[in-house]
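Notes to accompany the following structure.
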Amino acid sequence: MINITLPDGSVRQYDKGTTAMDIAMSISSGLARNVLAAKVDGEIWDTDRAIKNDASVQLLTWKDKDGKNAFWHSSAHVMAEALEALYPGIKLGIGPAIDTGFYYDVDFGERTIGPADLPKIEAKMLELARQKNSFVRKEVSKADAIAYFTEKDDPYKLELINDLEDGSITFYEQGNFTDLCRGGHIPHTGYIKAIKLMNIAGAYWRGDEKNKMMTRLYGVSFPKQKELTEYLQLLEEAKKRDHRKLGAELELFMFSEKVGSGLPIWLPKGTALRTRLEDFLKKEQIKRGYTPVITPHIGKKELYMTSGHYEKYGEDSFQPIHTPREGEEFLLKPMNCPHHCEIYGHKPHSYRELPIRIAEFGTVYRYEQTGELHGLTRVRGFTQDDAHIFCTPAQVKEEFLNVLDLTMHVLKKLGFEDFTAQISLRDPENKAKYIGTEENWENAEKAIIEATQEVGLKTVTELGEAAFYGPKLDFMVKDALGRSWQLGTIQVDYNLPDRFELEYIGSDNQPHRPVMIHRAPFGSMERFIGVLTEHCAGKFPLWLAPEQFAILPISERFYDYAKEVENQLAASDIRGFIDNRNEKIGRKIRDAEVQKVPIMLIVGEQEVNDKKVAVRIQGQGDKGTMTVDEFVSFFKELL
RNA sequence: GCGAGUAUAGUUCAAUGGUAGAAUACCUGACUUGUAAUCAGGAGAUGUUGGUUCAAGUCCGAUUAUUCGCUCCA
């Protein structure tokens with residue numbers, strides 16, 4: 001008998017050689033039907049693999065991430081089998097499970113595969129899935145493995161096997177298909193009920209652009225048709241919310257071929273939105289002791305030589321701007337920090353002045369690779385809600401707390417509720433590659449960890465992910481569709497104060513190096529507004545909406561009254577417009593609804609007579625009539 | 001940057017290698033409108049650029065923009 005420890009801590013006894021499936025059946029038949037694989041002492045095992053020793057076992061179902069992984073990994077095998085059946089002679093690369101589905105890298109040789117081929121492959125996969133072929137695990141010697149794939153003439157698998165140790169190699173076989181694979185897999189292919197191949201992309205063998213480009217087929221599969229339908233609906237919803245689509249429809253921003261790719265142009269409505277957002281943040285920052293500054297968009301090359309940015313990014317960025325003067329070169333600023341360091345350094349500072357918080361909505365330019373550009377989330381010119389805090393090492397924690405508080409406050413105000421902090425610390429194995437003293441690093445890392453705990457933030461800690469110049473914290477935010485976005489960041493920097501030789505005079509009357517903290521709660525206005533647009537599906541909070549109301553006169557006889565109402569509202573700082581087109585009211589309402597104008601005020605004969613407005617809320621409908629004063633209070637309630 | 005797609009009117013989509021069409025938006029006129037699309041008329045387009053062809057939106061090349069992807073390692 002062996003002892004099996006289950007996740008709840010209970011220990012059960014089973015015959016030696018029992019399987020995960022046996023264990024599942026001993027618990028309940030329902031569980032046995034749903035179990036896909038098992039985690040045995042941390043490794044993913046097939047449900048029919050004999051367990052010979054005491055072990056801790058977690059049964060994995062569709063609900064577990066690892067269960068989904070096994071499911072999708074198995075689906076990748078089925079796809080490979082289907083592809084081999086349809087296109088004999090292809091060479092297979094790797095086929096792992098990913099966050100949402102799976103892919104397989106395939107060398108199709110001379111053949112090209114297009115989207116039109118996908119339905120055929122899906123059909124073949126479903127046909128193979130219905131055969132309920134078991135995934136059979138086989139341990140093979142390295143020699144046998146090499147022999148098999150030499151026979152099959154698959155250079156990619158041979159290369160993989162070459163890197164593996166003899167004795168650790170396993171094959172999996174299902175139907176007529178055998179693949180080199182570590183496992184584990186689901187019991188048989190019949191579990192796969194719904195399959196959708198998503199797209200085709202090129203991918204270098206092993207991700208190295210020196211290698212051959214293979215064709216990568218992405219797919220997703222589910223145990224139930226309904227789940228696929230739901231997943232596709234989610235994708236549809238995401239498509240509807242795509243900020244590039246909404247940005248164009250709501251006239252927030254545009255791109256121009258003539259201006260250049262990756263350079264967003266803010267249209268009047270987008271500017272109204274962005275200005276509001278900036279004003280909101282500026283006010284919050286001033287409350288929290290920040291000092292606003294403005295610095296130029298370019299700086300001499302020497303500035304970035306001092307900061308080190310030129311050495312690191314110069315070659316791969318926008319090239320220097322030349323002037324009529326021989327040898328004079330300016331760079332578009334890729335960062336605001338060098339300018340802010342100059343501001344700090346322009347006069348001596350006492351420790352009594354610290355922390356000094358220099359804030360700027362600074363527009364920076366970075367030459368992102370063409371393939372990296374994407375809507376507002378990846379651009380070449382963008383405005384950071386930047387600030388640099390210069391403080392003593394002892395003030396780091398307090399400053400972190402302040403920044404965390406500010407960040408969480410603004411994100412909550414914008415309707416984001418679910419956030420996580422990713423803390424990036426030094427690689428403990430390789431401390432030499434970081435600059436700054438041991439004492440400062442320990443102090444800062446401890447400060448970050450404590451600060452996140454004190455504000456009750458969920459955290460993920462990544463060792464070795466810190467920048468060479470200091471530890472950092474990145475804000476991850478989940479949007480309304482459950483997608484994660486990286487937004488703001490807080491970074492400690494021991495490098496720039498050194499390079500710019502920044503100092504403050506301590507209580508000991510000696511010069512000291514301040515610690516610099518870079519922080520941007522939104523990251524960039526562009527990226528943030530992109531994420532926000534998708535989060536709220538274009539229905540921005542009332543206080544941010546580019547146009548808060550539309551006045552819809554029933555006919556042109558009521559324009560004068562409409563104008564009167566607009567003026568009264570403008571006096572109360574409520575912004576909007578009059579739809580004075582010669583259209584029926586139904587049409588005006590529809591257009592305002594589609595444009596996601598939050599409030600519609602309908603004025604006709606009755607309203608003019610009663611000195612009222614008929615209020616309608618976007619997505620909700622008629623709210624009845626009220627006087628303009630009543631509406632103003634009603635409006636303020638909604639804010 | 002590399003690979004694979006895509007590029008037709010302001011927008012969303014049509015068009016066997018043979019006269020570029022529609023819807024919507026826009027302009028004009030009529031209707032004077034009561035809670036999600038009034039009617040009629042008008043104007044408006046093949047990203048740029050070279051080639052193949054009697055003939056190119058369609059085929060080939062270049063270019064620009066755009067989309068997806070480019071180790072989440074059997």
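Chain identifiers are assigned alphabetically (A, B, ...) following the order of the sequence lines, protein sequences preceding nucleic acid strands; residue numbering begins at 1 within each chain. Since we're looking at a predicted model, the values are computed, not measured.
Ion pairing between a basic and an acidic side chain is recognised when a charged N comes within 4.0 Å of a carboxylate O; A/Glu249 and A/Lys596 show no such pairing. Note on A/Glu43 versus A/Arg182: no salt bridge recorded, every NZ/NE/NH1/NH2 to OD/OE distance being 4.0 Å or above. Salt bridge A/Lys152/A/Glu84: present, at least one basic N to carboxylate O contact under 4.0 Å. With respect to the salt-bridge test (charged N to carboxylate O, under 4.0 angstrom), the residues A/Arg616 and A/Asp622 do not qualify. Ion pair A/Arg590/A/Glu593 not flagged as a salt bridge, since none of the NZ, NE, NH1 or NH2 atoms sits closer than 4.0 Å to an Asp/Glu carboxylate oxygen. Using a 4.0 Å cut-off between charged nitrogen and carboxylate oxygen, A/Glu564 and A/Lys611 count as a salt-bridge pair.
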Distances under 3.5 Å between nitrogen or oxygen atoms of protein and nucleotides 8-14 of chain B:
none

For nucleotides 35-37 of chain B, give me every protein contact, N/O to N/O, under 3.5 Å, one pair per line with atom names.
{"from": "B/U35", "atom 1": "O2'", "to": "A/Arg616", "atom 2": "NH1", "distance (Å)": "3.3"}
{"from": "B/U35", "atom 1": "O2", "to": "A/Arg616", "atom 2": "NH1", "distance (Å)": "3.2"}
{"from": "B/A36", "atom 1": "O4'", "to": "A/Arg590", "atom 2": "N", "distance (Å)": "3.4"}
{"from": "B/A36", "atom 1": "N7", "to": "A/Arg616", "atom 2": "NH2", "distance (Å)": "3.3"}
{"from": "B/A36", "atom 1": "N6", "to": "A/Glu593", "atom 2": "OE1", "distance (Å)": "3.0"}
{"from": "B/A37", "atom 1": "N7", "to": "A/Arg590", "atom 2": "NE", "distance (Å)": "3.3"}
{"from": "B/A37", "atom 1": "N7", "to": "A/Arg590", "atom 2": "NH1", "distance (Å)": "3.3"}
{"from": "B/A37", "atom 1": "N6", "to": "A/Arg590", "atom 2": "NH2", "distance (Å)": "2.7"}
{"from": "B/A37", "atom 1": "N1", "to": "A/Arg590", "atom 2": "NH2", "distance (Å)": "3.1"}

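Across the protein-nucleic acid pair, A/Lys588 atom NZ and B/U32 atom C1' stand 10 Å apart, rounded to whole Å. The nearest whole Å value for the distance from the NZ atom in A/Lys245 to the P atom in B/U67 is 15 Å. Here the C1' atom of nucleotide B/C2 and the CD atom of A/Gln369 are 9 Å apart, to the nearest Å. In this structure, the CG atom of A/Leu217 is 14 Å from the C1' atom of B/G3, given to the nearest Å. To the nearest angstrom, C1' of B/G69 lies 19 Å from OH of A/Tyr104. In this entry the distance linking CZ of A/Arg581 with P of B/C26 reads 6 Å, nearest Å. Note: CG (A/Leu158) to C1' (B/C73) measures 17 Å, nearest angstrom. The CZ-C1' distance, from A/Phe255 to B/U67, rounds to 13 Å in whole Å.
B/G18 and B/A36: their C1' atoms are spaced 45 Å apart (whole Å). Taking atom P in both B/A9 and B/A20, the straight-line distance is 15 Å, to the nearest Å. If you take atom P in B/G57 and the same atom in B/U8, they sit 15 Å apart, rounded to whole Å. Separating the C1' atom of B/U24 from that of B/U63 is a span of 32 Å, rounded to the nearest Å. Going from the P atom of B/U53 to that of B/A40 covers 48 Å, rounded to whole Å. Taking atom P on both nucleotides, B/G47 is separated from B/U58 by 8 Å, rounded to a whole Å. Comparing B/U33 with B/U67, their P atoms are spaced 48 Å from each other, to the whole Å. B/A14 sits 16 Å from B/A22 when the P atoms are compared, rounded to a whole Å.
Of the candidate nucleotides B/A65, B/C70, B/C72, B/C72 has the atom nearest to the side chain of A/Asp99. Candidate nucleotides B/A65, B/C68, B/U33 were compared by shortest atom distance to the side chain of A/Ser261, and B/A65 ranks first. Set against B/U33, B/U32, B/C72, the side chain of A/Lys584 has B/U33 as its closest nucleotide. Which of B/G69, B/U33, B/U66 sits closest to the side chain of A/Leu373 comes down to B/U66.
Residues meeting the side-chain hydrogen bond (donor to acceptor under 3.5 Å, both in side chains) test with A/Gln486, sequence neighbours left out: A/Asp474. A/Arg378 pairs by the side chain to side chain contact (heavy atoms under 4.5 Å, CB included) definition with A/Glu368, A/Glu372, A/His374, not counting sequence neighbours. Taking the side chain to side chain contact (heavy atoms under 4.5 Å, CB included) definition, one finds that A/Ala614 meets it with A/Ile602, A/Glu607, A/Thr625, sequence neighbours left out.
Here A/Ser168 lies in heavy-atom contact (under 4.0 Å) with a base. Base contact: A/Arg182 has a heavy atom under 4.0 Å from a base atom. Residue contacts for A/Lys157: at a heavy-atom cut-off of 4.0 Å it reaches the sugar-phosphate backbone alone, with no base atom in range. If you check every strand for non-hydrogen atoms under 4.0 Å, A/Gln606 touches a base. Using a 4.0 Å heavy-atom distance criterion, A/Gly375 is classed as a sugar-phosphate-only contact.
In this structure, A/Phe222 and A/Tyr231 have tilted ring planes: the angle between them lies in the 30° to 60° band.
Here the options are A/His188, A/His185, A/His73, the test is ring-ring contact (aromatic ring centres under 6.0 Å, His included), and the partner is A/Tyr172; only A/His185 passes.
The neighbour count for A/Lys196 NZ, taken as heavy atoms of other residues, nucleotides or ligands under 6.0 Å away, does not exceed 12.
Taking a pair as Watson-Crick or G-U with both hydrogen-bonding distances under 3.5 Å, the stems of three or more pairs touching RNA chain B are B:1-7 with B:64-70, B:10-13 with B:21-24, B:26-30 with B:38-42, B:47-51 with B:59-63.
Dashed line: the shortest gap from a side-chain N or O of A/Arg244 to OP1 or OP2 of B/U67 is under 4.0 Å. OP1 or OP2 of B/C70 has at least one side-chain nitrogen or oxygen of A/Tyr218 nearer than 4.0 Å. At the phosphate of B/U66, neither OP1 nor OP2 sits under 4.0 Å from any side-chain N or O atom of A/His374.
Between the CD1 atom in A/Ile599 and the CD atom in A/Glu547 there is a gap of 13.0 Å [rounded to 0.5 Å].
Between A/Lys478 and A/Trp485 the shortest side-chain heavy-atom distance does not fall below 4.5 Å.
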